[in-house]
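In this text, all values refer to a predicted model and were calculated from it rather than measured experimentally.
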Amino acid sequence: MEKNLSYGEDYQYIPATSLGSGTGREIRPDLYYHTIQIVNICLVGTPGTDEFVLVDAGMPHSADKIISVAEERFGSGRNPKAIILTHGHFDHVGAIVDLLEHWKDIPVYAHKSELPYLTGEKSYPKPDATVEGGMVAKMSPLFPVEPINLGTSVQALPEDGTVPYMPGFRWIHTPGHTPGHVSLFRDQDRALIAGDAFVTVKQEYLYRVFTQEQEISGPPRYLTPDWQASRESVRKLEALKPSVAITGHGVPMEGEALTRNLEKLARNFDQIAIPDHGKYIN
């Protein structure tokens, strides 16, 4: 594994945080989310055991916090069985190099279409600051899109849709925000880890990010190059009728509020999610 693109001490790509940063909540007995600055990580597994998985790897320089949260929930010295990535954007892989140095020899899994962005082969499209939105959208050209290189530490998710070390969950290809974006769904209780396929905060607006005002929305506009695929991904997830959704940004949504708002997003995706202008609209 090469550490060629870990984020250095001068990292200042999102000089913002949220009121929820440093807090978390148990959504199901084996499903916990925690907010790192402006992004969520998930810990999936039974507390007090070493049978758990980390979903996504947070912001740069957050490894110590993620390790502390995991030890508080599962016990000191216990390592996750794996790290599952919904996608490889910087705010979802920011601490992964440091985590892999601490939790030695644990595998990382991502969709096969995401691997070029995780093995140093390909950069993501540049952010689009021309989309309508607030300060976060305007700052987006500062966000890194270069690939990290996890080498042989990362491998493709199984073709059969199962998620390693997450029994009962299946991965669902939800491209649009990135080519290999995945969401994770458990049929038994209809729990959904959506990643950034849709989010529950208007991520483009600094004030809403700070207050975490809950509002279902499409993927962050400034880093989404394929809106047609994004629309189909949201419709695919809505058809599952999830009971609860943990998204990459924002507070989890569940019950009737999730059902009503996700159906509205799927039905009116073009009006709610797609920006009126921007370089990736056509």
Side-chain angles (χ1 to χ4, degrees), residues 2 4-5 13 39-40 55-58 82-94 96 107-131 137 140-141 143-164 169-185 192-199 203-204 217-240 247-249 265-266 269-270 273-275 278-282:
E2 298 181 19
N4 61 319
L5 277 172
Y13 292 108
V39 70
N40 297 324
V55 178
D56 286 341
I83 298 174
I84 310 295
L85 296 176
T86 62
H87 61 298
H89 279 158
F90 76 101
D91 51 342
H92 293 258
V93 302
I96 196 164
V108 179
Y109 293 92
H111 189 275
K112 63 182 180 181
S113 296
E114 205 72 0
L115 294 183
Y117 308 98
L118 300 169
T119 54
E121 297 176 18
K122 193 173 183 180
S123 295
Y124 288 109
K126 291 183 179 180
D128 183 3
T130 69
V131 298
S140 64
F143 303 165
V145 294
E146 296 80 12
I148 60 171
N149 192 347
L150 300 179
T152 58
S153 294
V154 65
Q155 55 191 290
L157 285 160
E159 292 285 348
D160 63 4
T162 58
V163 184
F169 276 90
R170 55 188 171 103
W171 63 262
I172 299 165
H173 189 204
T174 47
H177 189 53
T178 70
H181 190 287
V182 296
S183 304
L184 310 176
F185 185 71
L192 174 66
I193 301 172
D196 284 0
F198 66 90
V199 298
Q203 188 64 21
E204 300 82 16
S217 183
R221 289 172 169 176
Y222 47 82
L223 274 176
T224 299
D226 189 338
W227 287 103
Q228 287 69 38
S230 293
R231 181 196 301 116
E232 293 308 309
S233 292
V234 165
R235 290 175 175 172
K236 187 186 303 184
L237 295 179
E238 190 277 331
L240 297 172
T247 57
H249 306 274
L265 177 63
F269 185 86
D270 289 12
I274 300 180
K279 62 183 179 181
Y280 299 123
I281 300 307
N282 298 313

Determine whether Ile172 and Val182 satisfy the following criterion, side-chain contact (heavy atoms from CB on, under 4.5 Å), listing intermediate values before the conclusion.
CA-CA 5 Å; Ile172 299 165; Val182 296; over 6 Å; no

Which atom of Pro275 lies closest to which atom of Ile281, heavy atoms considered:
CG-CD1, 3.3 Å

Might you point out which heavy atoms bring Val163 and Trp171 nearest each other, and give the distance in Å?
CG2-N, 3.5 Å

Between Val234 and Ala197, what is the shortest heavy-atom contact and its length?
CG2-O, 3.6 Å

I want to know whether His177 and His87 have ring centres closer than 6.0 Å.
yes

Short question: side chain of Asp196, backbone of Pro219 - any donor-acceptor pair under 3.5 Å?
no

With a 6.0 Å cut-off (strictly less than), is the heavy-atom count around NZ of Lys236, excluding the residue itself, greater than 12?
yes

Nearest heavy-atom approach of Leu118 to Ala110 is CD1-CB, 3.6 Å

Side chain to side chain contact (heavy atoms under 4.5 Å, CB included) with Val108: which of Ile84, Thr152, Leu85?
Leu85

Without hydrogens or angle criteria, can the side chains of Thr119 and Asn149 be said to hold a donor-acceptor pair below 3.5 Å?
no

Would you check if the side chain of Asn40 reaches a backbone N or O of Thr247 as a donor-acceptor pair within less than 3.5 Å?
yes

Gln228 and Asp226, any side-chain heavy atoms less than 4.5 Å apart:
yes

N-O pairing of Arg231 and Asp270 below 4.0 Å
yes

Quick check: do Ser230 and Phe198 have side-chain heavy atoms less than 4.5 Å from each other?
no

From CA spacing to verdict: side-chain contact (heavy atoms from CB on, under 4.5 Å), Phe269, Glu238:
CA-CA 12 Å; Phe269 185 86; Glu238 190 277 331; over 6 Å; no

Ring pair (Phe, Tyr, Trp, His ring centres under 6.0 Å) partners for Tyr124, two or more places apart:
His89, Tyr117

Can any side-chain N or O of Glu114 pair as donor or acceptor with the backbone N or O of Gly88 at less than 3.5 Å?
yes

So His181 and Thr178, do their side chains get closer than 4.5 Å, heavy atoms only?
yes

Hey, does Leu115 have a side-chain heavy atom less than 4.5 Å from the side chain of Val154?
yes

Quick one: does Val39's side chain get under 4.5 Å of His249's, heavy atoms only?
yes

Determine whether Tyr280 and Pro125 make a side-chain contact, defined as any pair of heavy atoms from C-beta on separated by less than 4.5 Å.
yes

Using modelled atom types only, decide if a donor and an acceptor are shared between the side chain of Ser183 and the backbone of Ala194 within a distance under 3.5 Å.
yes

Do Ile96 and Val93 have side chains that approach each other closer than 4.5 Å (heavy atoms only, starting at C-beta)?
yes

Please check if the side chain of Asp56 supplies one atom and the backbone of Thr86 the other of a donor-acceptor pair under 3.5 Å.
yes

Student check: side-chain heavy atoms of Ile83 and Tyr109 closer than 4.5 Å:
no

Between CG of Leu184 and CZ of Phe169, what distance do you get to the nearest 0.5 Å?
7.0 Å

Carboxylate-amine/guanidinium contact Glu232 Arg235, below 4.0 Å
yes

Assert yes or no for the condition that the ring centre distance of Phe90 to Phe143 is strictly below 6.0 Å.
yes

Any idea how His111 and His173 line up, ring-wise: parallel (<30°), tilted (30 to 60°), or perpendicular (>60°)?
parallel

